[in-house]
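Positions are given from 1, in the same order as the sequence printed here. Quantities reported herein were computed from a predicted structural model and do not represent experimental measurements.
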Amino acid sequence: MPKTTTGRAPGPGTRRTMTAAARAAAKRAERGHREAGAATAGDEESPRWAERPRAGRTVLVEAPKDGWDDPPEPSPESFEEDAPQEPNEPGPGGRRRPLTLLLAVLLVAGLVALAALGWQYRDGRLTETARTEALAAARTAAPIVLSYDYRRLDKDFSRARAHLTGDFRDEYGKTTKTVVAPTARKYHGVVKATVAAPGSGGTPAASVVSASPERVVVLLFVNQVTESTQVSGARVDQNRVRMTMDRTGDGWKVSAVDAL
């Protein structure tokens, strides 16, 4: 038959042992709560650190073969080396601007050259027309201006002045009135001038020395036959005459006559 053991009431020694065990268990529970709370607080703060953007850039540093105790701090030179370089070549807009300026300069130069060519062409046409018209006017004016007859001086001088212009017209009027007319009347002077012709009877000997659209200088070979009471018979003078012709509102007129 089994033996029954009757328990004894715990004594003072046993009570002290249970009290110490309970106190140790309470401390372990309290430490566990603190660690759990710290872990919970860390878990709550970690998303905030994850959400916060990190400043700067990531620098990869290769570790030495033997390793190191403390990783080296990245130097400023590493950031400077990794800094983005400015592009040396201009972008599409930068290339387009010089090209546009070049095209504008070429266009302006072309327009200026075209205008200059147009002006030269126009000036050349006007000058050529002036040469033809002034030469014909000089051939017509020379016999009239260089001739006179004492029997009709007023008429001859009036006809001559119609082919003159400017100061030369006034000078001609004074000279014929004060010098030529009195002498011609006194000696019955008659002067007949003609523009010389080549020996073959072709175009009269006259040529253009210089020409512009507004002024032409003409060289003429003129024969003058003079009769008077001071000369026995007729005297023939062969002269070279330079006549300056100016364009006026009434056509080409003589502005100067020089005997060469």
Side-chain angles (χ1 to χ4, degrees), residues 120 122-260:
Q120 291 178 358
R122 177 179 178 275
D123 185 71
R125 291 291 300 271
L126 292 176
T127 299
E128 188 62 29
T129 302
R131 290 170 61 94
T132 303
E133 295 177 353
L135 184 59
R139 287 171 176 163
T140 301
I144 298 173
V145 173
L146 300 177
S147 300
Y148 60 86
D149 189 330
Y150 75 97
R151 290 164 293 192
R152 51 177 188 272
L153 291 177
D154 292 341
K155 182 180 179 180
D156 289 345
F157 294 156
S158 178
R159 288 182 61 200
R161 285 196 299 272
H163 292 271
L164 309 180
T165 186
D167 295 338
F168 182 69
R169 177 186 174 92
D170 299 335
E171 183 181 350
Y172 177 87
K174 293 177 182 180
T175 302
T176 55
K177 184 178 181 179
T178 59
V179 179
V180 178
T183 302
R185 289 190 181 100
K186 181 178 181 178
Y187 299 107
H188 295 179
V190 176
V191 178
K192 184 177 182 181
T194 58
V195 178
S200 59
T203 304
S207 61
V208 174
V209 177
S210 62
S212 68
E214 301 299 326
R215 173 169 289 188
V216 178
V217 178
V218 180
L219 178 65
L220 305 105
F221 291 88
V222 178
N223 294 329
Q224 281 183 309
V225 179
T226 302
E227 296 178 356
S228 71
T229 57
Q230 296 295 100
V231 180
S232 59
R235 186 184 67 194
V236 178
D237 297 318
Q238 296 179 338
N239 301 316
R240 290 189 305 162
V241 178
R242 182 174 61 200
M243 301 186 73
T244 302
M245 311 296 293
D246 286 354
R247 183 193 295 274
T248 68
D250 295 330
W252 290 93
K253 305 291 183 180
V254 182
S255 61
V257 175
D258 300 302
L260 303 178

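Between Y148 and F157, the ring planes are tilted. Angles from 30° to 60° get that label.
Pairs engaging residues 218-230 under the side-chain hydrogen bond (donor to acceptor under 3.5 Å, both in side chains) rule: Q224-N239 [sequence neighbours left out].
With contacts defined as side-chain heavy-atom distances shorter than 4.5 Å, the pair K253/D246 does not qualify. Residues R185 and L153 have side chains in contact (heavy-atom distance under 4.5 Å, counting atoms from C-beta outward). Considering only heavy atoms from C-beta on, F221 stays 4.5 Å or farther from Q238 through its side chain. With a 4.5 Å cut-off on side-chain heavy atoms, L135 and V216 do not count as touching. Side-chain atoms of D149 and D156, non-hydrogen and from C-beta on, do get closer than 4.5 Å to each other. Counting heavy atoms from C-beta on, the side chains of T194 and P143 never come closer than 4.5 Å.
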How far apart are the C-alpha atoms of V241 and L260, what are their side-chain angles, what is the distance that settles it, and do they pass the side-chain contact (heavy atoms from CB on, under 4.5 Å) test? CA-CA 6 Å; V241 178; L260 303 178; over 6 Å; no

Determine, step by step, whether L146 and K192 satisfy the side-chain contact (heavy atoms from CB on, under 4.5 Å) criterion, reporting the C-alpha distance in whole Å, the side-chain angles of both residues, the deciding distance to 0.1 Å, and the verdict. CA-CA 7 Å; L146 300 177; K192 184 177 182 181; over 6 Å; no

Hey, mind stepping through V218 and R139 against side-chain contact (heavy atoms from CB on, under 4.5 Å) and telling me if it holds? CA-CA 9 Å; V218 180; R139 287 171 176 163; over 6 Å; no

For side-chain contact (heavy atoms from CB on, under 4.5 Å), just list the numbers for V145 and L164, CA-CA rounded to whole Å, side-chain angles, deciding distance to a tenth of an Å, and then say yes or no. CA-CA 9 Å; V145 173; L164 309 180; 3.9 Å; yes

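Residues S212 and A130 approach most closely at O-CB, 3.4 Å, considering heavy atoms. Across all non-hydrogen atoms, the minimal contact from A193 to S147 is N-OG, 2.7 Å. Taking each heavy atom of V254 and A141 in turn, the nearest pair found is CG2-CB, 3.9 Å. Nearest heavy atoms, A234 versus V225: CB-CG1, 3.8 Å. When all heavy atoms of P182 and T176 are compared, the pair lying nearest together is CD-O, 4.3 Å.
Interatomic distance, CE of M243 versus CE of M245, reported as 5.5 Å (0.5 Å rounding). Atoms OG1 and CZ, from T129 and R247 in turn, are 8.0 Å apart once rounded to the nearest 0.5 Å. With rounding to the nearest 0.5 Å, the separation of CH2 in W252 from CD in E214 is 6.5 Å. Taking OG1 of T165 as the start and OH of Y172 as the end, the distance is 15.0 Å to the nearest 0.5 Å. Note that the OG1 atom of T183 and the OH atom of Y150 stand 14.5 Å from one another [nearest 0.5 Å].
Evaluation of the salt bridge (Lys or Arg N to Asp or Glu O under 4.0 Å) rule for D258 yields R242 as partners, not counting sequence neighbours.
Side-chain atoms of T127 never come within 3.5 Å of backbone atoms of A211 as a donor-acceptor pair (strictly under, hydrogens ignored).
One finds no salt bridge joining R169 and D167 here, because no Lys/Arg side-chain nitrogen approaches an Asp/Glu carboxylate oxygen to under 4.0 Å.
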